[in-house]
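Worksheet: one structure, shown below.
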Amino acid sequence: QAPALPRLERRVGRPSPRRPRSSLAVQALAHERVRERALATMFSGWGADAQAQGQGFQPAEMFSMVQNQPRAMTQAEKAEEVRCGCMDEEAPSGSRMLYENDLSYQLAQSYYWSGIFLKDWVFFVCNWHPFIGMFCSHPNHPWHKKERILTFIVSCSITMLPSALFIRGLQSQKFTQTETSMAIFIAITLPVSILEVALYWLSVGDVFCKGGKLECCTWIVACFKNACLGGSLVVSALSLLLSYMCLGDADPVDLVHPFLVSRFQSYVTWFPIWTLLPCMGFLHCWCMEKNALEAS
């Protein structure tokens, strides 16, 4: 026979009995509720004060600061990051620790910072120019100053080989000054400039993997970057050796003229090219970011 079922008591208007909580659970729940109310009150006061001062902080942003959760920069914080320095890899502190990844990402690809065109353009030059950036880039820029110096050494070494070949060609033919400058620009300056751009994007490639779905690929991109930079040093050493062999009986001092002309052309033509270049230049991208910010 089936066991007898217990008789149900009549409970009219009564809720079903619940399992009583332990005293520790009750105390933890009460403490959490008090903490949430205190934080909500504090955030509301801070948010009102900050908005009154024009800082633009929201209670949600302050909550992430207390909880130490990574977040994106606000526009006010982005404007405060317009600074340059000779030091590298400055340790973040305070609220800057929360948007450290976003700061590196914005430094690698953003153009609109303070909203002032001339100020943002100077900041762009300090971070992106291959020579000025070695001294004036942002301390937390993902293209570190050590990598910039390495890129400078590689580009200078690779410039030597076409310079030596160019001198060898000058021994058999006579060129005018204009023809010489144009030949140096086409044969030396342009290829080296393209190489510098490739090394830049290679150096900052791991930034686009941090803090997202491709976080696991960060170390792969970093290893690939280090391998390419090491290979660039090997190519530079071979280029110097071949340059010396191609000189033949020519004076090595003759390398100075095409080398200096090429470096000067590269650093000077950088300004109009990267300021006015469609789709990638500063003017176009700055206006696009400004319009997008105003639309949002």
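The structure presented is a predicted model; accordingly, all values stated were derived computationally and were not measured. Residues take their numbers from the sequence shown, with the count starting at 1.
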**Q.** Separation of K78 NZ from D102 CG (nearest 0.5 Å)
**A.** 8.0 Å

Q: State, with a plain yes or no, whether a side-chain heavy atom of C84 is found less than 4.5 Å away from one of F135.
A: no

(Q) If you count heavy atoms of other groups shown closer than 6.0 angstrom to CZ of F224, is the number above 12? (A) no

(Q) Within the 4.5 Å heavy-atom criterion, are Y200 and V204 side-chain neighbours or not? (A) yes

Q. Should I186 and V261 be regarded as members of a common hydrophobic cluster, given that ILVMFWY residues are connected when their side-chain heavy atoms come within less than 4.5 Å of each other, either directly or indirectly?
A. no

Q: Please test W270 against F124 for ring pair (Phe, Tyr, Trp, His ring centres under 6.0 Å), starting from the C-alpha separation and ending with a verdict.
A: CA-CA 12 Å; W270 183 95; F124 167 76; 5.6 Å; yes

Q. Donor-acceptor pair, H129 side chain versus Y267 backbone, under 3.5 Å?
A. yes

Q: Considering only NZ, NE, NH1 and NH2 on the basic side and carboxylate oxygens on the acidic side, decide whether R83 and E81 come within less than 4.0 Å.
A: yes

Q. Looking at side-chain heavy atoms only, is the closest gap between M288 and Y111 below 4.5 Å?
A. no

Q: Any chance you could measure Q75, atom CD, to E80, atom CD, to the nearest 0.5 Å?
A: 11.0 Å

Q: Could you grab the distance from atom CG of L277 to atom SG of C285, nearest 0.5 Å is fine?
A: 8.5 Å

Q: Determine the minimum heavy-atom distance between K145 and S137, stating which atoms define it.
A: NZ-OG, 2.9 Å

(Q) Please check: side-chain N/O of D120 versus main-chain N/O of S114, any donor-acceptor pairing under 3.5 Å? (A) yes

Q. Side chain of S155, backbone of F152: donor and acceptor closer than 3.5 Å?
A. yes

Q: Using a 4.5 Å cut-off on heavy atoms from C-beta on, say whether the side chain of W121 contacts that of T275.
A: yes

Q: For side chain to side chain contact (heavy atoms under 4.5 Å, CB included), just list the numbers for F131 and R263, CA-CA rounded to whole Å, side-chain angles, deciding distance to a tenth of an Å, and then say yes or no.
A: CA-CA 10 Å; F131 184 77; R263 294 288 83 198; over 6 Å; no

Q) How long is the gap from SG on C228 to CG on L199, to the nearest 0.5 Å? A) 8.5 Å

Q. Below 4.5 Å, heavy atoms only, C-beta onward: do I116 and F123 meet side chain to side chain?
A. no

(Q) Please give me the minimum heavy-atom distance between Q265 and F185, naming the atom from each residue. (A) OE1-CA, 3.2 Å

Q: Starting at CD1 of I273, measure out to CG of L190 and round the result to the nearest 0.5 Å.
A: 7.0 Å

Q) At their closest point, which heavy atom of E147 faces which heavy atom of S203, and how far apart are they? A) OE1-CB, 3.5 Å

(Q) For residues L241 and V234: do they belong to one hydrophobic cluster (side chain heavy atoms under 4.5 Å, members Ile, Leu, Val, Met, Phe, Trp, Tyr)? (A) no

Q | Cluster check V122, L276: I/L/V/M/F/W/Y, side chain < 4.5 angstrom | A | yes

(Q) With heavy-atom distances below 4.5 Å as the criterion, would you say the side chains of W274 and M280 are in contact? (A) yes

Q) In Å, rounded to the nearest 0.5 Å, how long is the span from CD1 of I158 to CD1 of I188? A) 12.5 Å

**Q.** Intermediate values then yes/no, ring pair (Phe, Tyr, Trp, His ring centres under 6.0 Å), F117 and F282
**A.** CA-CA 10 Å; F117 181 83; F282 174 81; 5.3 Å; yes

Q) S296 side chain to L293 main-chain N or O, any donor-acceptor pair under 3.5 Å? A) yes

Q. Considering all heavy atoms of both residues, which atom of A108 and which atom of P142 are nearest to each other, and what is their separation?
A. CB-CG, 3.9 Å

Q.
Given 3.5 Å as the limit, does a donor-acceptor pair link the side chain of H141 with the main chain of L107, or not?
A. yes

Q: Ignoring hydrogens and angles, tell me if any N or O in the side chain of K290 forms a donor-acceptor pair with the backbone of Y112 under 3.5 Å.
A: no

Q. If every non-hydrogen atom of V82 is compared with every non-hydrogen atom of K119, which pair is closest and at what distance?
A. CG1-CE, 3.8 Å

(Q) Tell me whether V197 shares a hydrophobic cluster with I132, the cluster being built from Ile, Leu, Val, Met, Phe, Trp, Tyr side chains joined at under 4.5 Å. (A) yes

Q.
Under 4.5 Å between side-chain heavy atoms, counting indirect links through other Ile/Leu/Val/Met/Phe/Trp/Tyr residues: same cluster for V125 and F264 or not?
A. no

